[in-house]
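Chain naming here is simple, since letters A, B, ... match the order of the sequence lines and numbering starts at 1 in each.
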2 protein chains.
Amino acid sequence: MANINDNYLKLPGSYLFAEIAHRITNYRKAHADADIIRLGIGDVTRPLPMASIRAMHAAVDEMADAATFRGYGPEQGYDFLRESIAEHSYAMRGVSIEPDEIFISDGAKSDCGNIQEIFGQDNRIAITDPVYPVYLDTNVMAGRTGELQENGYFSGVTYLPCRAENHFLPQLPKEHVDLIYLCSPNNPTGAAMSRSDLAAWVAYAREQEAVILFDAAYEAYIEAGNADIPHSIYEIDGAKEVAIEFRSFSKTAGFTGTRCGYVVLPKTVKGRAKDGRHVPLHPLWNRRHTTKFNGTSYIVQRGAAAIYTEEGQAQVRALIAYYMENARIIREGLQKAGLTVYGGVHSPYIWLKTPGSMLSWDFFDQLLQEVQVIGTPGVGFGPCGEGYFRLTAFGDRERTQEAVERIRALA
Amino acid sequence: MANINDNYLKLPGSYLFAEIAHRITNYRKAHADADIIRLGIGDVTRPLPMASIRAMHAAVDEMADAATFRGYGPEQGYDFLRESIAEHSYAMRGVSIEPDEIFISDGAKSDCGNIQEIFGQDNRIAITDPVYPVYLDTNVMAGRTGELQENGYFSGVTYLPCRAENHFLPQLPKEHVDLIYLCSPNNPTGAAMSRSDLAAWVAYAREQEAVILFDAAYEAYIEAGNADIPHSIYEIDGAKEVAIEFRSFSKTAGFTGTRCGYVVLPKTVKGRAKDGRHVPLHPLWNRRHTTKFNGTSYIVQRGAAAIYTEEGQAQVRALIAYYMENARIIREGLQKAGLTVYGGVHSPYIWLKTPGSMLSWDFFDQLLQEVQVIGTPGVGFGPCGEGYFRLTAFGDRERTQEAVERIRALA
């Protein structure tokens, strides 16, 4: 009989958001008319920028005419989009990235999940705790970890604890690691790494010949004009030899259901082959991308490129300002309610300490049952998330205000 | 230093279509004004069905309004699309497939490439020769093969030769294999497997406890009313225990640049875990799909679902009839020119024997240089493709006729 990939059996059965959905369904059975406010999953709610809407209508029309119809595009993405990204996301911040170092995809989840394929099995992985589950789960599936232990950790993985004591910033590991997943501004904690924080990691990676997998999906939420928090890891000298960056249109421009993201892989990043040669990673990722992917929808790429027009930039800024005002409302409202609150400044995520020594899931149940507000239990992101709780700023303004009022009434 | 996945280094450097592009570029340098006709890559040219165009315009408009905006959808696809597929592609052919056995994706290339991940490293793979390169390359990358040998074959793989002598139909292997890639109607040979051909494979898979990975991307090209050529492998009794099917909107509805496909994985297909347990593959693929993919663009899914309306069905039939008339023109025209021609009946691919004992690439060069027609050298699909050449029926009618005239003039 065909053998399965046994690594899949190491993964715990119940996925965080499935468990949340399950508890909500159960609650609804007894309270069919409950007015539930969801600030749990990190999904946006505002319409797409009009510039993107118009560009997609035009692209759909192109598909209706043989003279302008588009079949297979380049797997790596159209030049019009790669060039706009190189200019707006990098050159305008003083970073030189070539368009052919940018690989357009259907989103950062795919990219963060797929990138590990170009690396060998025997690399030591470092991830923060708490963490976006995709980094870890995809390495479990690939067999780069041992079993899940009783303490909630997989053996063979270096976990970097992020707690209030270290301002939710990961410390350099004491042992050697090969691949380091970093996310800043962070999901779920909302912590943003400063220039010097990131420089320390780049220095570590250069010294240890490690590769940093840098998830910058939330860079658009960094306060405008703040010079101390890099939008890209390539703002740090030397990063172009040791870092791969992930970006997404999901949270920048509301593309969670439209699907577009990209990987930046500078040609100068290398890994070691078994024979000791130092091999550039760019051709490996290019081979992976062109063999297992056939490009992002032309229509979607046109929608994404439209955010780089003057009109699009203004609309994206307005979108982010809307969500960041929500973040302010949540942060300040909960602080007034006496809760200890983190994040929500350069990030759409608010990370709060549960009251007293309450467990994450107990707080989830309390909020659901007493005030019908949904958040995400911190422990769902890793053992160090226990005692924390995540709320997101992606909701409707009025509903967000209402949720804060309800939580304050509870406190 | 981070170690690379050394399996990538086993892959030969130059990819088929890159080499073709390279030769065309060189030719253009000396002949800037050449009127080249491309019947090489399998890419469509006709506009999308109007039903899909209208559905995508409507979906784009939904994205412009907070009341109808769609964020993250189910990773596996929206019910409206999964249910339409279950009804139209399966129930209407007497096959019972549940909507939750259908996983919507961004296309069959991704699916055919990703499916191997849920299987163990130690499975023996069987592929046809010639073959769509993705099946093989993704297994090389995963380490399921040895090195590329001088004869053009990777060690550790079971190749199933498909030549004129066996009507381009793979014979059952003499040794045991675990995973079998089949494609019917076939890319590149155009051969279509009959009910009894497929039944023999299902019987083999059941006896050997193997899994068939069945690529049905071209099923829409099977002649209407032909009862002997199954559109789905599940039309064969017993296949639901041993087969996974891949489908695509690319060639059915012109979605090569719009991107949508799907995997059918019945809950009854099983593999073996290391401890000997028989494990259903459905939850493994579901875990893979939900961990490494965030769903296909909502706009695209609406476009895909529109082909199942009465209007959409008529438009898709017209699209396929257009291409199949091209296929007839190529097939009959080249036969009249004295060439030996296969395929082009239930398939948009024409597979022709090169004149005399001419090598595939020599014929490519001759067609390019003497009559400026581009095709694909058969050897690019595997050693058994040597001496063959692929033309596709996806071109414009007039240009297709012109290409045939030119080749006839040459002969």
Side-chain angles (χ1 to χ4, degrees), chain A residues 1-6 8-9 11 43-48 50 53 56-57 60 63-66 69-73 106-107 109-110 113-114 117-120 122-123 134 137-138 178-179 209-211 256-259 271-274 278-279 284 287 291-295 297-300, chain B residues 1-6 8-9 11 43-48 50 53 56-57 60 63-66 69-73 106-107 109-110 113-114 117-120 122-123 134 137-138 178-179 209-211 256-259 271-274 278-279 281 284 287 291-294 297-300:
Chain A
M1 182 172 266
N3 296 313
I4 65 158
N5 178 349
D6 275 78
Y8 276 65
L9 305 182
L11 291 164
D43 196 4
V44 298
T45 55
R46 305 296 301 162
L48 293 185
M50 275 313 292
I53 293 289
M56 289 198 288
H57 275 307
V60 170
M63 290 299 208
D65 182 344
F69 176 79
R70 303 273 185 148
Y72 291 122
D106 65 320
K109 187 178 178 185
S110 307
N114 294 333
E117 292 181 29
I118 64 169
F119 294 99
D122 48 353
N123 289 295
V134 170
D137 290 358
T138 56
D178 301 295
L179 296 175
E209 301 192 296
V211 173
T256 54
T258 303
R259 312 304 312 141
R272 187 170 47 211
K274 279 196 178 126
H278 291 192
V279 178
L284 303 188
R287 193 60 150 93
T291 302
K292 300 194 186 182
F293 185 64
N294 232 337
S297 179
Y298 171 70
I299 299 162
V300 171
Chain B
M1 183 173 263
N3 296 313
I4 65 157
N5 177 348
D6 274 78
Y8 277 65
L9 305 182
L11 292 164
D43 196 5
V44 298
T45 55
R46 306 296 299 161
L48 293 185
M50 276 311 293
I53 294 288
M56 289 198 287
H57 275 308
V60 170
M63 289 300 207
D65 182 343
F69 176 79
R70 303 272 185 149
Y72 291 122
D106 64 320
K109 186 177 179 187
S110 306
N114 294 333
E117 292 182 29
I118 64 169
F119 294 98
D122 48 352
N123 289 295
V134 171
D137 290 357
T138 56
D178 301 295
L179 296 175
E209 301 191 297
V211 172
T256 54
T258 303
R259 312 302 312 140
R272 186 170 47 209
K274 280 197 177 125
H278 292 191
V279 178
L281 299 181
L284 303 188
R287 193 58 150 98
T291 300
K292 300 192 187 183
F293 185 65
N294 232 337
S297 179
Y298 170 71
I299 298 162
V300 171

| task | Any chance you could measure B:N5, atom CG, to A:K274, atom NZ, to the nearest 0.5 Å? | result |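 It comes to 8.0 Å.
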| said: To the nearest 0.5 Å, what is the distance between CG on B:L284 and CG on A:L11? | reply: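 Going from the CG atom of B:L284 to the CG atom of A:L11 covers 9.5 Å.
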Which atoms of [X] approach chain B - backbone, side chain, both or neither, heavy atom under 4.5 Å:
X: A:D43; value: both
X: A:V60; value: both
X: A:D6; value: side chain
X: A:D65; value: backbone
X: A:L179; value: side chain

Which residue out of [options] racks up the most heavy-atom pairs below 4.5 Å with chain B?
options: A:I299, A:T256, A:V300; answer: A:T256
options: A:K109, A:R46, A:E209; answer: A:K109
options: A:M63, A:M56, A:E117, A:H57; answer: A:H57
options: A:G120, A:G271, A:A64, A:A2; answer: A:A2
options: A:Y298, A:Y72, A:F293; answer: A:Y72
options: A:L48, A:V44, A:N123, A:T138; answer: A:N123

Can you tell which of [options] has the highest number of heavy-atom pairs within less than 4.5 Å of chain A?
options: B:A210, B:G113, B:G71, B:A66; value: B:G71
options: B:L9, B:I118, B:V134, B:V211; value: B:I118
options: B:R272, B:R70, B:M50, B:R259; value: B:R272

| task | May I ask you to say whether A:D137 pairs ionically with B:K292, meaning some side-chain N is under 4.0 Å from a carboxylate O? | result |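 No, this pair does not count.
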| request: Please name all residues satisfying ring-ring contact (aromatic ring centres under 6.0 Å, His included) with B:F119, sequence neighbours left out, ordered by chain then number. | output: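 For B:F119 there are no ring-ring contact (aromatic ring centres under 6.0 Å, His included) partners, ignoring immediate neighbours.
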| Which atoms of B:N114 approach chain A - backbone, side chain, both or neither, heavy atom under 4.5 Å | side chain
| request: Grab the two heavy atoms, one from A:F69 and one from B:T45, that are nearest each other, plus how far apart they are. | output: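 Closest approach of A:F69 to B:T45: CD2-O, 3.7 Å.
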